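Worksheet: the structure to be examined is printed underneath.
Just so you know, these numbers come straight off a predicted model, no measurement behind them. When reading the values below, keep in mind they use all heavy atoms of this one structure, side chains included, and skip hydrogens, waters and symmetry mates. Order of the sequence lines sets the chain letters (A, B, ...), proteins ahead of strands, with each chain counted from 1.
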Protein chains: 2
Amino acid sequence: MPPEAYYSIHPKFHSAVDCIIFGFDEGELSLLLLQRNFEPAKGQWSLMGGFVQEGESLDDAARRVVEELTGLDDLYMRQVHTYGDLGRDPGERVLSTAYYALVDIKKYDRQLVKAHNAHWVKLPDTPHLIFDHDRMVKDALRFMRYQATVKPVGINLLPEEFTLTQLQALYEAILGEPIDKRNFRKRIAAMDYIEKTGGIDKTLSRKGAALYRFNRDKYDGNFKI
Amino acid sequence: MPPEAYYSIHPKFHSAVDCIIFGFDEGELSLLLLQRNFEPAKGQWSLMGGFVQEGESLDDAARRVVEELTGLDDLYMRQVHTYGDLGRDPGERVLSTAYYALVDIKKYDRQLVKAHNAHWVKLPDTPHLIFDHDRMVKDALRFMRYQATVKPVGINLLPEEFTLTQLQALYEAILGEPIDKRNFRKRIAAMDYIEKTGGIDKTLSRKGAALYRFNRDKYDGNFKI
DNA sequence: TCAAAAGTGTTAATAGTACACCCATGA
DNA sequence: TCATGGGTGTACTATTAACACTTTTGA
(Lines give C-alpha, C1' and ligand atoms only; values in the text may rest on other atoms or scores of the structure.)
Protein backbone atom coordinates (compact mmCIF):
# COMPACT_ATOMS: atom_id res chain seq x y z
CA MET A 1 0.00 0.00 0.00
CA PRO A 2 1.49 3.38 -0.95
CA PRO A 3 1.79 5.64 2.10
CA GLU A 4 -0.71 8.22 0.85
CA ALA A 5 -3.38 5.52 0.54
CA TYR A 6 -2.94 4.56 4.19
CA TYR A 7 -5.26 7.35 5.27
CA SER A 8 -7.42 7.96 2.22
CA ILE A 9 -8.98 4.52 2.02
CA HIS A 10 -10.59 5.09 5.41
CA PRO A 11 -13.80 6.99 6.07
CA LYS A 12 -14.03 10.33 7.86
CA PHE A 13 -16.60 11.39 10.41
CA HIS A 14 -17.97 14.53 11.93
CA SER A 15 -16.38 15.10 15.30
CA ALA A 16 -18.23 17.09 17.91
CA VAL A 17 -17.83 18.13 21.52
CA ASP A 18 -20.65 18.37 24.03
CA CYS A 19 -20.15 20.26 27.25
CA ILE A 20 -21.64 19.54 30.64
CA ILE A 21 -21.41 22.93 32.32
CA PHE A 22 -21.80 22.76 36.09
CA GLY A 23 -22.59 25.70 38.32
CA PHE A 24 -23.41 25.96 42.02
CA ASP A 25 -26.22 28.11 43.36
CA GLU A 26 -28.49 28.13 46.39
CA GLY A 27 -26.89 25.01 47.77
CA GLU A 28 -27.43 22.97 44.61
CA LEU A 29 -25.49 21.96 41.55
CA SER A 30 -26.93 23.32 38.32
CA LEU A 31 -26.45 22.60 34.64
CA LEU A 32 -26.40 25.13 31.84
CA LEU A 33 -28.72 23.65 29.19
CA LEU A 34 -30.02 24.81 25.84
CA GLN A 35 -33.66 24.93 24.99
CA ARG A 36 -32.92 24.56 21.30
CA ASN A 37 -34.29 27.27 19.02
CA PHE A 38 -32.51 25.68 16.06
CA GLU A 39 -32.44 22.41 14.16
CA PRO A 40 -32.00 19.56 14.62
CA ALA A 41 -34.28 18.71 17.55
CA LYS A 42 -35.57 22.27 17.76
CA GLY A 43 -37.64 22.84 20.88
CA GLN A 44 -35.94 20.11 22.87
CA TRP A 45 -33.34 20.39 25.62
CA SER A 46 -29.70 19.62 24.97
CA LEU A 47 -26.17 20.22 26.10
CA MET A 48 -24.14 22.99 24.49
CA GLY A 49 -22.13 21.40 21.72
CA GLY A 50 -20.37 22.10 18.47
CA PHE A 51 -18.33 20.54 15.72
CA VAL A 52 -14.58 20.32 15.80
CA GLN A 53 -13.08 22.57 13.12
CA GLU A 54 -9.99 22.27 10.97
CA GLY A 55 -6.98 23.68 12.73
CA GLU A 56 -8.53 23.28 16.16
CA SER A 57 -7.65 20.61 18.69
CA LEU A 58 -10.35 18.65 20.47
CA ASP A 59 -9.63 20.47 23.74
CA ASP A 60 -9.72 23.81 21.92
CA ALA A 61 -13.07 22.95 20.40
CA ALA A 62 -14.48 22.27 23.86
CA ARG A 63 -13.07 25.53 25.16
CA ARG A 64 -14.49 27.46 22.22
CA VAL A 65 -17.93 25.96 22.63
CA VAL A 66 -18.04 26.82 26.31
CA GLU A 67 -16.78 30.32 25.67
CA GLU A 68 -19.39 30.87 22.96
CA LEU A 69 -22.05 30.25 25.55
CA THR A 70 -20.59 31.71 28.74
CA GLY A 71 -18.01 34.26 27.59
CA LEU A 72 -15.54 32.58 29.97
CA ASP A 73 -12.25 31.35 28.57
CA ASP A 74 -10.28 29.85 31.43
CA LEU A 75 -12.64 27.40 33.01
CA TYR A 76 -11.64 24.15 34.63
CA MET A 77 -12.52 21.54 32.00
CA ARG A 78 -11.90 17.84 31.69
CA GLN A 79 -12.62 15.30 29.01
CA VAL A 80 -15.14 12.71 30.15
CA HIS A 81 -15.69 10.18 27.35
CA THR A 82 -16.18 9.82 23.62
CA TYR A 83 -19.49 8.49 22.34
CA GLY A 84 -19.32 6.69 19.04
CA ASP A 85 -22.37 4.48 18.70
CA LEU A 86 -23.95 4.28 15.26
CA GLY A 87 -27.33 5.82 15.81
CA ARG A 88 -26.43 8.28 18.54
CA ASP A 89 -27.09 11.30 16.32
CA PRO A 90 -30.16 10.49 14.22
CA GLY A 91 -29.13 12.98 11.52
CA GLU A 92 -25.68 11.93 10.40
CA ARG A 93 -22.97 9.93 11.99
CA VAL A 94 -21.15 12.06 14.56
CA LEU A 95 -18.54 11.02 17.11
CA SER A 96 -18.89 13.25 20.11
CA THR A 97 -16.52 13.84 22.98
CA ALA A 98 -18.01 15.06 26.25
CA TYR A 99 -16.22 17.55 28.48
CA TYR A 100 -17.34 18.90 31.79
CA ALA A 101 -16.71 22.51 32.82
CA LEU A 102 -16.97 24.18 36.21
CA VAL A 103 -18.28 27.74 36.31
CA ASP A 104 -18.59 30.31 39.05
CA ILE A 105 -22.25 30.92 38.45
CA LYS A 106 -21.90 34.62 39.26
CA LYS A 107 -19.58 35.25 36.37
CA TYR A 108 -21.01 34.02 33.08
CA ASP A 109 -22.17 36.37 30.32
CA ARG A 110 -25.94 36.75 30.64
CA GLN A 111 -26.30 38.23 27.15
CA LEU A 112 -24.71 35.22 25.50
CA VAL A 113 -26.67 32.76 27.55
CA LYS A 114 -29.90 34.53 26.69
CA ALA A 115 -28.98 34.68 23.01
CA HIS A 116 -28.52 30.91 22.98
CA ASN A 117 -31.78 30.39 24.86
CA ALA A 118 -29.84 28.60 27.57
CA HIS A 119 -30.93 28.19 31.16
CA TRP A 120 -29.45 27.13 34.47
CA VAL A 121 -31.36 24.10 35.66
CA LYS A 122 -30.90 22.56 39.09
CA LEU A 123 -29.48 19.09 38.72
CA PRO A 124 -32.47 17.27 40.25
CA ASP A 125 -34.76 19.16 37.85
CA THR A 126 -32.79 18.21 34.73
CA PRO A 127 -35.23 17.61 31.84
CA HIS A 128 -34.83 14.79 29.37
CA LEU A 129 -32.12 15.74 26.87
CA ILE A 130 -31.75 14.85 23.19
CA PHE A 131 -29.69 12.01 21.74
CA ASP A 132 -27.41 10.43 24.34
CA HIS A 133 -26.97 13.63 26.35
CA ASP A 134 -28.68 12.16 29.41
CA ARG A 135 -25.99 9.54 29.54
CA MET A 136 -23.29 12.15 29.05
CA VAL A 137 -24.59 14.09 32.04
CA LYS A 138 -24.65 10.93 34.13
CA ASP A 139 -21.09 10.01 33.16
CA ALA A 140 -19.82 13.57 33.64
CA LEU A 141 -21.41 13.80 37.07
CA ARG A 142 -19.89 10.55 38.18
CA PHE A 143 -16.47 11.58 36.90
CA MET A 144 -16.69 15.03 38.45
CA ARG A 145 -17.75 13.51 41.79
CA TYR A 146 -14.81 11.17 41.71
CA GLN A 147 -12.42 13.99 40.86
CA ALA A 148 -13.85 16.04 43.71
CA THR A 149 -13.02 13.30 46.19
CA VAL A 150 -9.35 13.19 45.18
CA LYS A 151 -8.60 16.84 44.44
CA PRO A 152 -10.27 20.13 45.22
CA VAL A 153 -11.76 20.73 41.78
CA GLY A 154 -15.01 21.91 43.30
CA ILE A 155 -13.36 25.17 44.24
CA ASN A 156 -13.74 26.20 40.60
CA LEU A 157 -17.47 26.47 41.27
CA LEU A 158 -16.98 29.14 43.94
CA PRO A 159 -15.77 32.74 43.80
CA GLU A 160 -12.09 33.51 44.53
CA GLU A 161 -12.97 34.02 48.19
CA PHE A 162 -15.46 31.84 49.95
CA THR A 163 -16.60 30.90 53.43
CA LEU A 164 -16.33 27.44 54.92
CA THR A 165 -20.10 27.27 55.09
CA GLN A 166 -20.24 27.80 51.32
CA LEU A 167 -17.52 25.25 50.75
CA GLN A 168 -19.32 22.70 52.88
CA ALA A 169 -22.62 23.32 51.09
CA LEU A 170 -20.78 22.83 47.80
CA TYR A 171 -19.34 19.51 48.83
CA GLU A 172 -22.68 18.39 50.17
CA ALA A 173 -24.17 19.22 46.77
CA ILE A 174 -21.41 17.42 44.88
CA LEU A 175 -21.47 14.30 47.01
CA GLY A 176 -25.21 14.36 47.52
CA GLU A 177 -25.08 13.77 51.25
CA PRO A 178 -24.82 15.84 54.42
CA ILE A 179 -21.40 16.35 55.99
CA ASP A 180 -20.68 16.90 59.69
CA LYS A 181 -19.60 20.50 60.19
CA ARG A 182 -16.86 19.85 62.73
CA ASN A 183 -15.34 16.94 60.81
CA PHE A 184 -15.47 18.94 57.60
CA ARG A 185 -13.71 21.96 59.13
CA LYS A 186 -11.11 19.69 60.71
CA ARG A 187 -10.32 18.23 57.29
CA ILE A 188 -10.12 21.66 55.67
CA ALA A 189 -7.86 22.93 58.45
CA ALA A 190 -5.42 20.15 57.59
CA MET A 191 -5.20 21.43 54.00
CA ASP A 192 -2.69 24.23 54.12
CA TYR A 193 -3.53 25.21 50.55
CA ILE A 194 -6.92 26.48 51.71
CA GLU A 195 -5.98 29.62 53.58
CA LYS A 196 -7.71 32.48 55.34
CA THR A 197 -7.68 35.73 53.41
CA GLY A 198 -8.31 37.80 56.54
CA GLY A 199 -11.54 39.08 55.01
CA ILE A 200 -14.94 38.59 56.60
CA ASP A 201 -18.21 38.01 54.84
CA LYS A 202 -21.16 39.56 56.65
CA THR A 203 -23.82 38.99 54.03
CA LEU A 204 -25.20 35.90 55.68
CA SER A 205 -24.76 36.42 59.39
CA ARG A 206 -24.39 39.18 61.92
CA LYS A 207 -21.31 37.57 63.29
CA GLY A 208 -19.60 37.30 59.89
CA ALA A 209 -17.75 34.33 58.42
CA ALA A 210 -14.03 34.16 57.68
CA LEU A 211 -13.15 34.16 53.99
CA TYR A 212 -10.78 31.59 52.52
CA ARG A 213 -9.00 31.20 49.23
CA PHE A 214 -7.34 28.37 47.35
CA ASN A 215 -3.55 28.70 47.12
CA ARG A 216 -2.56 26.89 43.94
CA ASP A 217 1.18 27.09 44.59
CA LYS A 218 0.89 25.40 47.95
CA TYR A 219 -1.41 22.79 46.47
CA ASP A 220 0.83 21.92 43.54
CA GLY A 221 3.69 21.49 45.99
CA ASN A 222 1.70 19.18 48.24
CA PHE A 223 0.03 16.67 46.07
CA LYS A 224 -0.13 16.91 42.28
CA ILE A 225 -2.68 14.30 41.37
CA MET B 1 -29.79 27.26 8.00
CA PRO B 2 -31.58 24.39 6.28
CA PRO B 3 -31.32 21.20 8.37
CA GLU B 4 -29.21 19.30 5.86
CA ALA B 5 -26.55 22.04 5.94
CA TYR B 6 -26.23 21.72 9.72
CA TYR B 7 -23.84 18.83 9.28
CA SER B 8 -22.38 19.38 5.83
CA ILE B 9 -20.75 22.73 6.52
CA HIS B 10 -18.51 21.10 9.10
CA PRO B 11 -15.31 19.21 8.40
CA LYS B 12 -14.82 15.50 8.85
CA PHE B 13 -11.83 13.70 10.30
CA HIS B 14 -10.29 10.29 10.35
CA SER B 15 -11.18 8.52 13.59
CA ALA B 16 -8.92 5.84 14.92
CA VAL B 17 -8.60 3.60 17.93
CA ASP B 18 -5.33 2.63 19.60
CA CYS B 19 -5.22 -0.27 22.01
CA ILE B 20 -3.06 -0.68 25.06
CA ILE B 21 -3.05 -4.44 25.50
CA PHE B 22 -1.91 -5.57 28.93
CA GLY B 23 -0.75 -9.05 29.82
CA PHE B 24 0.77 -10.53 32.96
CA ASP B 25 3.73 -12.89 32.89
CA GLU B 26 6.58 -13.84 35.19
CA GLY B 27 5.40 -11.45 37.87
CA GLU B 28 5.35 -8.44 35.56
CA LEU B 29 2.85 -6.53 33.47
CA SER B 30 3.57 -6.64 29.77
CA LEU B 31 2.36 -4.74 26.72
CA LEU B 32 1.66 -6.17 23.29
CA LEU B 33 3.44 -3.78 20.91
CA LEU B 34 3.99 -3.69 17.16
CA GLN B 35 7.36 -3.37 15.59
CA ARG B 36 5.91 -1.78 12.48
CA ASN B 37 6.67 -3.52 9.20
CA PHE B 38 4.37 -1.08 7.38
CA GLU B 39 4.08 2.65 6.77
CA PRO B 40 3.83 5.14 8.27
CA ALA B 41 6.66 5.02 10.76
CA LYS B 42 7.86 1.67 9.47
CA GLY B 43 10.49 0.15 11.74
CA GLN B 44 9.35 1.98 14.84
CA TRP B 45 7.34 0.69 17.78
CA SER B 46 3.68 1.48 18.19
CA LEU B 47 0.43 0.41 19.74
CA MET B 48 -1.98 -1.71 17.74
CA GLY B 49 -4.47 0.64 16.13
CA GLY B 50 -6.88 1.02 13.29
CA PHE B 51 -9.38 3.35 11.69
CA VAL B 52 -13.03 3.38 12.62
CA GLN B 53 -15.12 2.13 9.70
CA GLU B 54 -18.57 3.06 8.46
CA GLY B 55 -21.21 1.01 10.20
CA GLU B 56 -18.97 0.27 13.18
CA SER B 57 -19.22 1.87 16.59
CA LEU B 58 -16.15 3.20 18.34
CA ASP B 59 -16.25 0.35 20.86
CA ASP B 60 -16.64 -2.17 18.03
CA ALA B 61 -13.64 -0.72 16.24
CA ALA B 62 -11.54 -1.20 19.36
CA ARG B 63 -12.76 -4.77 19.75
CA ARG B 64 -12.05 -5.50 16.10
CA VAL B 65 -8.53 -4.11 16.29
CA VAL B 66 -7.72 -6.18 19.35
CA GLU B 67 -9.21 -9.29 17.82
CA GLU B 68 -7.21 -8.80 14.61
CA LEU B 69 -4.07 -8.99 16.66
CA THR B 70 -4.89 -11.50 19.39
CA GLY B 71 -7.73 -13.59 17.98
CA LEU B 72 -9.61 -12.93 21.24
CA ASP B 73 -13.07 -11.42 21.05
CA ASP B 74 -14.36 -11.09 24.58
CA LEU B 75 -11.64 -9.22 26.39
CA TYR B 76 -12.17 -6.77 29.19
CA MET B 77 -11.76 -3.36 27.47
CA ARG B 78 -12.32 0.19 28.60
CA GLN B 79 -12.07 3.51 26.84
CA VAL B 80 -9.29 5.65 28.26
CA HIS B 81 -9.20 8.99 26.46
CA THR B 82 -9.48 10.64 23.05
CA TYR B 83 -6.48 12.44 21.65
CA GLY B 84 -7.25 15.27 19.27
CA ASP B 85 -4.24 17.56 19.07
CA LEU B 86 -3.41 18.97 15.68
CA GLY B 87 -0.03 17.46 14.98
CA ARG B 88 -0.45 14.20 16.82
CA ASP B 89 -0.36 12.15 13.63
CA PRO B 90 2.23 13.73 11.33
CA GLY B 91 0.57 12.27 8.25
CA GLU B 92 -2.98 13.53 8.27
CA ARG B 93 -5.23 14.77 10.96
CA VAL B 94 -6.57 11.82 12.97
CA LEU B 95 -8.55 11.82 16.18
CA SER B 96 -7.68 8.71 18.12
CA THR B 97 -9.44 7.08 21.03
CA ALA B 98 -7.35 4.87 23.29
CA TYR B 99 -8.72 1.71 24.85
CA TYR B 100 -7.00 -0.64 27.21
CA ALA B 101 -7.53 -4.40 27.04
CA LEU B 102 -6.66 -7.11 29.55
CA VAL B 103 -5.46 -10.45 28.17
CA ASP B 104 -4.69 -13.79 29.73
CA ILE B 105 -1.25 -14.02 28.22
CA LYS B 106 -1.54 -17.78 27.77
CA LYS B 107 -4.44 -17.47 25.37
CA TYR B 108 -3.67 -15.15 22.49
CA ASP B 109 -3.19 -16.38 18.91
CA ARG B 110 0.55 -16.69 18.31
CA GLN B 111 0.12 -16.87 14.53
CA LEU B 112 -1.66 -13.54 14.37
CA VAL B 113 0.78 -11.86 16.70
CA LYS B 114 3.68 -13.10 14.65
CA ALA B 115 2.04 -12.00 11.41
CA HIS B 116 1.73 -8.48 12.78
CA ASN B 117 5.31 -8.51 14.00
CA ALA B 118 4.02 -7.84 17.50
CA HIS B 119 5.85 -8.64 20.72
CA TRP B 120 5.11 -8.81 24.40
CA VAL B 121 7.33 -6.30 26.15
CA LYS B 122 7.64 -6.05 29.92
CA LEU B 123 6.29 -2.71 31.05
CA PRO B 124 9.58 -1.40 32.47
CA ASP B 125 11.28 -2.27 29.14
CA THR B 126 8.75 -0.40 27.01
CA PRO B 127 10.55 1.24 24.08
CA HIS B 128 9.75 4.71 22.84
CA LEU B 129 6.56 4.58 20.76
CA ILE B 130 5.48 6.67 17.78
CA PHE B 131 3.26 9.75 17.83
CA ASP B 132 1.61 10.25 21.23
CA HIS B 133 1.49 6.53 22.05
CA ASP B 134 3.84 6.96 25.03
CA ARG B 135 1.32 9.27 26.59
CA MET B 136 -1.50 6.86 25.79
CA VAL B 137 0.30 4.08 27.62
CA LYS B 138 0.89 6.33 30.61
CA ASP B 139 -2.76 7.39 30.74
CA ALA B 140 -4.01 3.84 30.24
CA LEU B 141 -1.78 2.52 32.97
CA ARG B 142 -2.94 5.14 35.43
CA PHE B 143 -6.58 4.46 34.58
CA MET B 144 -6.16 0.70 34.78
CA ARG B 145 -4.40 1.02 38.16
CA TYR B 146 -7.22 3.14 39.47
CA GLN B 147 -9.82 0.67 38.21
CA ALA B 148 -7.91 -2.17 39.83
CA THR B 149 -8.16 -0.47 43.23
CA VAL B 150 -11.94 -0.18 43.05
CA LYS B 151 -12.93 -3.37 41.28
CA PRO B 152 -11.27 -6.68 40.54
CA VAL B 153 -10.50 -6.00 36.87
CA GLY B 154 -7.06 -7.50 37.22
CA ILE B 155 -8.58 -10.97 37.30
CA ASN B 156 -8.97 -10.65 33.52
CA LEU B 157 -5.18 -10.99 33.30
CA LEU B 158 -5.21 -14.42 34.94
CA PRO B 159 -6.53 -17.79 33.81
CA GLU B 160 -10.00 -18.93 34.97
CA GLU B 161 -8.41 -20.65 37.95
CA PHE B 162 -5.55 -19.10 39.84
CA THR B 163 -3.72 -19.36 43.14
CA LEU B 164 -3.57 -16.63 45.75
CA THR B 165 0.16 -16.37 45.20
CA GLN B 166 -0.49 -15.58 41.53
CA LEU B 167 -3.19 -13.09 42.42
CA GLN B 168 -0.92 -11.35 44.89
CA ALA B 169 1.92 -11.17 42.38
CA LEU B 170 -0.52 -9.67 39.89
CA TYR B 171 -1.63 -6.95 42.26
CA GLU B 172 1.95 -6.22 43.20
CA ALA B 173 2.70 -5.76 39.50
CA ILE B 174 -0.33 -3.54 38.93
CA LEU B 175 0.26 -1.35 41.95
CA GLY B 176 4.02 -1.45 41.65
CA GLU B 177 4.64 -2.16 45.33
CA PRO B 178 4.96 -5.21 47.56
CA ILE B 179 1.91 -6.36 49.51
CA ASP B 180 1.94 -8.14 52.86
CA LYS B 181 0.88 -11.73 52.29
CA ARG B 182 -1.28 -12.14 55.41
CA ASN B 183 -3.09 -8.83 54.96
CA PHE B 184 -3.67 -9.62 51.30
CA ARG B 185 -5.14 -13.03 52.01
CA LYS B 186 -7.33 -11.59 54.74
CA ARG B 187 -8.74 -9.08 52.28
CA ILE B 188 -9.35 -11.74 49.63
CA ALA B 189 -11.02 -14.00 52.20
CA ALA B 190 -13.51 -11.20 52.84
CA MET B 191 -14.48 -11.19 49.14
CA ASP B 192 -17.00 -13.96 48.81
CA TYR B 193 -16.92 -13.61 45.03
CA ILE B 194 -13.40 -15.05 44.99
CA GLU B 195 -14.03 -18.66 45.81
CA LYS B 196 -12.07 -21.87 46.10
CA THR B 197 -12.58 -24.28 43.23
CA GLY B 198 -11.39 -27.25 45.25
CA GLY B 199 -8.57 -27.81 42.78
CA ILE B 200 -4.92 -27.74 43.72
CA ASP B 201 -2.05 -26.43 41.65
CA LYS B 202 1.16 -28.37 42.17
CA THR B 203 3.26 -26.83 39.45
CA LEU B 204 5.00 -24.40 41.76
CA SER B 205 5.32 -26.19 45.07
CA ARG B 206 5.41 -29.66 46.48
CA LYS B 207 2.72 -28.74 48.96
CA GLY B 208 0.34 -27.43 46.31
CA ALA B 209 -1.69 -24.24 46.33
CA ALA B 210 -5.48 -23.99 46.42
CA LEU B 211 -7.07 -22.76 43.19
CA TYR B 212 -9.62 -19.95 43.21
CA ARG B 213 -12.01 -18.51 40.68
CA PHE B 214 -13.93 -15.29 40.27
CA ASN B 215 -17.68 -15.68 40.69
CA ARG B 216 -19.26 -12.95 38.57
CA ASP B 217 -22.78 -13.53 39.87
CA LYS B 218 -21.79 -13.06 43.47
CA TYR B 219 -19.76 -10.00 42.56
CA ASP B 220 -22.55 -8.30 40.62
CA GLY B 221 -24.85 -8.88 43.56
CA ASN B 222 -22.43 -7.38 46.04
CA PHE B 223 -21.15 -4.16 44.63
CA LYS B 224 -21.76 -3.08 41.03
CA ILE B 225 -19.39 -0.22 40.57
C1' DT C 1 15.48 -34.84 55.92
C1' DC C 2 15.24 -30.82 53.78
C1' DA C 3 14.18 -27.30 50.49
C1' DA C 4 10.50 -24.54 48.80
C1' DA C 5 6.26 -22.52 48.56
C1' DA C 6 1.62 -22.38 51.16
C1' DG C 7 -0.80 -21.00 54.79
C1' DT C 8 -2.12 -18.71 59.23
C1' DG C 9 -3.50 -14.31 64.01
C1' DT C 10 -2.54 -10.69 66.88
C1' DT C 11 -1.41 -6.10 68.05
C1' DA C 12 -0.62 -1.23 67.15
C1' DA C 13 -1.51 2.85 64.63
C1' DT C 14 -4.31 5.62 61.93
C1' DA C 15 -8.30 7.40 59.94
C1' DG C 16 -12.93 8.25 60.15
C1' DT C 17 -17.31 9.07 62.46
C1' DA C 18 -20.60 10.65 65.88
C1' DC C 19 -22.05 14.13 68.65
C1' DA C 20 -23.79 19.48 71.29
C1' DC C 21 -22.80 23.66 72.90
C1' DC C 22 -20.94 28.58 73.15
C1' DC C 23 -19.80 32.89 70.44
C1' DA C 24 -20.32 37.31 68.22
C1' DT C 25 -23.17 40.53 66.31
C1' DG C 26 -26.77 43.77 64.54
C1' DA C 27 -31.42 44.57 64.54
C1' DT D 1 -32.04 40.74 74.41
C1' DC D 2 -32.44 37.63 71.14
C1' DA D 3 -32.29 35.40 66.73
C1' DT D 4 -28.99 33.85 63.42
C1' DG D 5 -25.31 31.72 61.46
C1' DG D 6 -20.17 30.91 62.92
C1' DG D 7 -17.12 28.39 65.28
C1' DT D 8 -15.04 24.68 68.32
C1' DG D 9 -13.09 19.30 70.89
C1' DT D 10 -13.42 14.66 72.51
C1' DA D 11 -14.50 9.81 72.64
C1' DC D 12 -15.51 5.80 69.96
C1' DT D 13 -15.21 2.74 65.94
C1' DA D 14 -13.41 0.84 61.90
C1' DT D 15 -9.78 0.21 58.90
C1' DT D 16 -5.24 -0.53 57.74
C1' DA D 17 -0.48 -1.78 58.61
C1' DA D 18 3.20 -4.30 60.80
C1' DC D 19 5.08 -8.50 61.85
C1' DA D 20 7.26 -14.47 61.91
C1' DC D 21 6.48 -18.96 62.29
C1' DT D 22 4.39 -23.70 61.05
C1' DT D 23 2.76 -26.94 57.43
C1' DT D 24 3.02 -30.01 53.61
C1' DT D 25 5.24 -32.81 50.42
C1' DG D 26 8.23 -34.72 46.74
C1' DA D 27 12.82 -35.25 45.63
Requested in this report: Check the distance between D:dT8's P and A:Gln168's CD and give it to me in whole angstrom.
Outcome: 13 Å
Query raised in the report: When you match A:Asn183 and A:Gly208 each to their closest nucleotide on DNA chain C, which lands nearer the 5' end?
Result: A:Asn183
Report task. Ignoring backbone atoms, test whether A:Thr165 places a side-chain nitrogen or oxygen under 4.0 Å from the OP1 or OP2 oxygen of D:dG6. Result -> yes
Report task. Indicate, with a heavy-atom threshold strictly under 4.0 Å, whether A:Lys181 touches base, sugar-phosphate, or nothing. Result -> base
Query raised in the report: Got a donor-acceptor pair under 3.5 Å from the side chain of B:Lys186 to the base of D:dT15?
Result: no
Report task. Hey, could you give me the SG/CZ distance between A:Cys19 and A:Arg63, rounded to the nearest 0.5 Å? Result -> 11.0 Å
Query raised in the report: OP1 or OP2 of D:dG26 sitting under 4.0 Å from any side-chain N/O of B:Lys202?
Result: yes
Report summary line: Output for pair (A:Ile194 CD1, A:Leu164 CG), nearest 0.5 Å, gives 8.0 Å
Query raised in the report: Which comes earlier along DNA chain C counting from the 5' end, the contact point of B:Ala210 or that of A:Arg187, where each point is its nearest nucleotide?
Result: B:Ala210
Query raised in the report: For D:dG7, does OP1 or OP2 lie under 4.0 Å from any side-chain N or O of A:Arg185?
Result: yes
Query raised in the report: Is there side-chain contact between B:Lys151 and B:Tyr219, with at least one heavy-atom pair below 4.5 Å?
Result: yes
Query raised in the report: Taking the six-membered ring where the residue is Trp, are the ring centres of B:His119 and B:Trp45 under 6.0 Å apart?
Result: yes
Query raised in the report: To the side chain of B:Lys207, which of C:dC19, C:dA6, C:dG26 is closest?
Result: C:dA6
